[in-house]
Each structure stands twice: as C-alpha cells, then as structure tokens.
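Side chains are part of it too, since the values below use all heavy atoms of this structure and drop only hydrogens, waters and symmetry mates.
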Amino acid sequence: MTKPRLLHSLSLAALGVVLLAGTPAAAQQNAGADAGEIRIGFLSQTPEPPPYVANPDEPAADDGLAGATLAIADNNTTGKFLKQSFVLDSVEVPPDGDAAAALRELAGRGGRFVVVDAPGATVEALSKLPEARNVMLLNANAPDDSLRGAACAPNLLHVAPSRAMLADALGQYLVKKRWPRWFLVTGRRAEDKLYADAVRRTAKRVGAQIVAEKDWTADSDVNRTAEAEIPVFTQAKSYDVLIVADEVGEFGDYLSYRTADPRPVAGTQGLVPTVWHRTHEQWGAAQLQSRFKSAAKRPMTARDHNVWTAVRVVGEAAARARTADPDRLIAFIQSPDFTMSAFRGAPLTVRPWDGQLRQPVLLAADRSVVSVSPQEGFLHPRTELDSLGYDQPETLCKTRGKKTP
C-alpha cells in the first residue's frame, strides 16, 4: 500500500490574500464570540480511470483542492470578525493508498472536521473507524444512495447529492417537458448500474415509463466506430429521450446526434443533473465564479463546488453559532437552525434522518444551465427540496433515528 502524501496546511496568512466572501450579519458583531482556531482536514483519493476510457478533458491537478482553498479563505474573511481562524490540513491518498491511515493522521493532529473526497466504499470504511467516532466526516463527492441508507453513519454528513437526488432532478424536468417515455442505456461498471437503478426509481415516482433498456457492451474503439455502431445500437421502440448511465464517460458523449431516431440525450451525458456549471450566474453565483477563477486560474467544477460547500458548512456554522468549539459546531450543523447559501436559489439544510444536505440541482448542457430542480409543481409538505431523493418515510438509515426537522 502506498502511504498518503501530506500536501500542505493552509491558513489565511499562507494564502497571502483575503478573498471577499458573503458575510452573515452575525459575523459583523463579535461580542461574546468563542474565538479560536478551527482545523479542517481534507482527505482526497481519486481512483484510476478504467484503461479503456480516454478522457480528452483531463481534470486539473487541484480539482477539489482548489475549492477547499477558496472556502478556507472565505471562512477566514468571515472569521476575522469573530477572532476565529481556519486552517486546512490536506492529505492526498494514492488510488492504492491507505485512506484509513490518512484519517488517523488528520484526527491525530486535532482535526474534528474532515472533508472526504473519495469513492463511496472508502467513505463507508472511514465512517466505521474507531478514530472517526468523534470526527464529523463531510462526504464531498460520493453519490452512493447506500451511504444515506443502510450504510449511513451518525458522524457522516453528505454534501454531494445522491444518485437518487440527481435522477429525481432530471426526471422532474423531463416529465414537465412531457417527455415521459425513456430509453435507458447502461454502462458496464457497477456505478453505472447504480445510476440506472436511480433512474428506474425516479420513473416510478414521476409517472414516466422506461420503454426500452440496453446495456453497453461494445469492446471496439467507440471514437472510431460511433457513426456505424450507435445508430444500430439505439434502434428501439418509440421513446422521447435517451437516458444514459455512464459515470466515467466511456461512451455516453458519442450518443448525441448519432441515435437512430432524433432524440435528446440526458443523464450522465447530454442534459446532466449537477451541483455546478461554469455558465451558472444566478443568485450571486457569478461572484463565486469570478473569485474562484481569479484564485485558481480556471473555472470551478462540480467537484470543486462540493468541496467548497463542505468547508463552508463548518465556517458558516462557526459564524452563526459564534463558537469554535467542535462539539457545539457539530451539534449546530445537524440542528434545524443550520442553513447556508450555495448560490443555487435556496438555502441548504440538513436532513436529520440521513445526514444529507437538502439542495437544488442544476440541469446543464455543455454551454448553458437549462433549468433548476425541484421543478414547479412538485410539492412537498415540508420543503420542495425533499422531493429530490429519499424522503423521511423511505429512509433505510437506522443509526440516526426517525427525527423530524
């Protein structure tokens, strides 16, 4: 096993620049504030892509980390009014590395908050470690529904939306557009099958029908054979939209404009449900886009935004609760009083029954944001945001109890 590699510790002084951030009104008054240093760990592990997948857009080396860096600066901009300082401890774990050792290292240095940017299996394993019992783990990017269900943990907060939330966000829009007949194409990986399962669940919830399904099994170089293979592969009974489940991008990008019938493509490619997009500008997002691009010299990705949100959860809680005490912060984050903005049109709050952040989901094409879910008309007695993903009566999480927000 390869040991994790310590990247750096970041503070405001290390950044050398104060980036302006939205400051809550509470942060403008420092009387009675509990001052102190708040240490936030960032544990990242990026798996190796499958050998048969060629990605023409290689992710930036600091994808995710750049979001954490900006969030620490934002936290410190707010924290200076309360005499609070935030420090980022960042550890990168190689694909074959020991993530458990990395978490122990971060916890041993006093980190009570650790943002985990890693596959779902790693997140689940870390949440069960004895060293994690007194640590709040913030799942930044693993969409596995099982982590919010049977494998949930009381010390695990989910910043990334689940696959069920993403599928529901897309399904609501397709039904609103009166495209209820779906052709589902599923890739060969286990994660693709989980995405397809989420799509099937959504179809039942929104009144859509999956009229055809096919598994992608082609072993040829799809880049060279797409024009010949895809029209044949996509021959199916009449449908409104082709939904693709291809999370690593093995073949999904080659489906648009090549289907046997002229139909839109959605899912993991085409019209994609996501937390962030480089063209998103509403609700103050343009300011965040600008600040991030100035700091990182590139656009913010969805992975960056999830990590930024995770780090900002701790900073926002410290400002609102006016404390640097980890136990009080953890309690406040999981209370009905916690809210924060993520520049998507509605405040984020925590579902107490599974630790999931409620949040709007963008629906984006290559160069534009098409819509934002939940869609108008999908009502809920508590909040329309709970129309995305597993609601309280549906949860399989047993470790948090049947709490009501």
query: Nearest heavy-atom pair of T202 and A164: which atoms, and what distance?
result: OG1-O, 4.2 Å
query: Residues two or more places apart in sequence or in another chain: which of them pass side-chain contact (heavy atoms from CB on, under 4.5 Å) with S256?
result: V265
Residues 235-243, side-chain donor-acceptor partners within the protein, below 3.5 Å, at least two apart:
{"residue": "D240", "atom": "OD2", "partner": "R181", "partner atom": "N", "Å": "2.9"}

message: Taking R298 first and then D62, would you say they form a salt bridge - that is, a charged N and a carboxylate O separated by under 4.0 Å?
response: yes
message: Just to verify, what does P326 make a side-chain contact (heavy atoms from CB on, under 4.5 Å) with, not counting sequence neighbours?
response: R112, F113
message: Is there a side-chain hydrogen bond (donor to acceptor under 3.5 Å, both in side chains) between Q172 and S387? Walk through the geometry before answering.
response: CA-CA 9 Å; Q172 287 185 10; S387 69; 3.1 Å; yes
field: Test salt bridge (charged side-chain N to carboxylate O under 4.0 Å, His left out) applied to R189 and E250, step by step
entry: CA-CA 10 Å; R189 301 172 67 250; E250 178 189 359; over 6 Å; no
- prompt: Is R201 close enough and on-axis enough to Y390, meaning under 6.0 Å and within 45°, for cation-pi?
  reply: yes
- prompt: Does P94 offer a backbone N or O that forms a donor-acceptor pair with the side chain of Q45 under 3.5 Å?
  reply: yes
- prompt: If only atom types and distance count, is the side chain of D325 paired as donor or acceptor with the main-chain N or O of R328 below 3.5 Å?
  reply: yes
- prompt: So do D168 and S373 actually touch side chain to side chain, heavy atoms under 4.5 Å?
  reply: no
message: Can you tell me how far apart CD1 (I38) and CD (Q84) are? Round to the nearest 0.5 Å.
response: 4.5 Å
message: Is it the case that the ring center of W216 lies less than 6.0 angstrom away from the ring center of F233?
response: yes
- prompt: Are the side chain of T395 and the backbone of Q392 linked by a donor-acceptor contact shorter than 3.5 Å?
  reply: no
query: Tell me, do V135 and L129 make a side-chain contact under 4.5 Å, heavy atoms counted?
result: no
- prompt: Are any of the side-chain heavy atoms of D391 and R382 separated by less than 4.5 Å?
  reply: yes
query: Is the number of heavy atoms from other residues, nucleotides or ligands under 6.0 Å of K193 NZ greater than 12?
result: yes
message: Applying side-chain hydrogen bond (donor to acceptor under 3.5 Å, both in side chains) to D74 and T77, what does each step give before you reach the verdict?
response: CA-CA 5 Å; D74 290 351; T77 298; 5.2 Å; no
task: Would you check, one step at a time, whether the test side-chain contact (heavy atoms from CB on, under 4.5 Å) holds for D366 with R278?
output: CA-CA 9 Å; D366 182 46; R278 66 187 185 280; 3.7 Å; yes
- prompt: Are D63 and T301 linked by a side-chain donor-acceptor pair shorter than 3.5 Å?
  reply: yes
- request: Could you walk me through whether T309 and R344 pass the side-chain hydrogen bond (donor to acceptor under 3.5 Å, both in side chains) test, one step at a time?
  value: CA-CA 12 Å; T309 302; R344 280 180 273 152; 4.6 Å; no
task: Measure the CD-CD1 distance between E37 and I40 for me, rounded to the nearest 0.5 Å.
output: 10.5 Å
- request: Measure from the side-chain N and O atoms of S294 to the backbone N and O of R291, and report whether any donor-acceptor pair falls under 3.5 Å.
  value: no
query: Would D337 and R320 pass as an ion pair if we require N to O under 4.0 Å?
result: no
message: What I'd like to find out is whether the side chain of Y173 reaches to under 4.5 Å of the side chain of V370, using heavy atoms alone.
response: yes
task: Check whether any side-chain N or O of Q289 sits under 3.5 Å from a backbone N or O of H280 as a donor-acceptor pair, and report yes or no.
output: yes
Note, M340 side chain near F338 side chain (heavy atom, < 4.5 Å): yes
task: Check the pair D215 / D192 against side-chain contact (heavy atoms from CB on, under 4.5 Å), numbers first and verdict last.
output: CA-CA 10 Å; D215 293 332; D192 300 335; over 6 Å; no
- request: Say whether, by atom type as modelled, one donor and one acceptor occur between the side chain of Q269 and the main chain of A266 under 3.5 angstrom.
  value: no
H305 and W276 aromatic ring geometry - parallel, tilted or perpendicular at 30°/60° bounds: parallel
query: Closest approach of A321 and L329, non-hydrogen atoms and distance?
result: CB-CD2, 4.5 Å
CA sep, side-chain torsions, deciding dist, call: N139, V116, side-chain contact (heavy atoms from CB on, under 4.5 Å): CA-CA 5 Å; N139 168 27; V116 181; 5.7 Å; no
- prompt: Looking at I230 and T259, what are the two nearest heavy atoms and their distance?
  reply: CG2-N, 4.3 Å
- request: Evaluate the side-chain contact (heavy atoms from CB on, under 4.5 Å) criterion for residues L65 and S90: first the C-alpha distance (whole Å), next the side-chain angles of each, then the deciding distance (0.1 Å), finally the verdict.
  value: CA-CA 8 Å; L65 177 61; S90 180; 3.5 Å; yes
message: Return the CG to CZ distance between D145 and R148, rounded to the nearest 0.5 Å.
response: 6.5 Å
- line: Taking every heavy atom of A346 against every heavy atom of P360, the minimum-distance pair comes out as CB-CG, 3.8 Å
- request: Identify the two heavy atoms, one from V175 and one from A208, that lie closest to each other, and give their separation to 0.1 Å.
  value: CG2-CB, 4.3 Å
message: Rounded to the nearest 0.5 Å, what separates atom OG in S85 from atom CG in N76?
response: 6.5 Å
statement: In T339, V350, L348, L385, the residue satisfying side chain to side chain contact (heavy atoms under 4.5 Å, CB included) with R358 is L385
message: Distance check, rounded to the nearest 0.5 Å: K128 atom NZ versus N155 atom CG?
response: 11.5 Å
Identified side chain to side chain contact (heavy atoms under 4.5 Å, CB included) counterpart of F42 within the set T69, V307, L106: V307
query: Mind checking whether E191 and R163 have side chains closer than 4.5 Å, heavy atoms only?
result: yes
field: Any donor-acceptor pair under 3.5 Å from D354 side chain to Q356 backbone
entry: yes
- request: Any chance you could measure H158, atom NE2, to N306, atom CG, to the nearest 0.5 Å?
  value: 13.0 Å
- prompt: Okay, side chain of E316, backbone of N75: is any donor-acceptor separation there less than 3.5 Å?
  reply: no
task: Check whether any side-chain heavy atom of L271 lies under 4.5 Å from a side-chain heavy atom of L170, and answer yes or no.
output: yes
- prompt: In this structure, which one of V115, L103, D89, V123 forms a side chain to side chain contact (heavy atoms under 4.5 Å, CB included) with L43?
  reply: L103
field: Any V313 side-chain heavy atom under 4.5 Å of L357 side chain
entry: yes
message: If you count heavy atoms of other groups shown closer than 6.0 angstrom to NZ of K214, is the number above 12?
response: yes
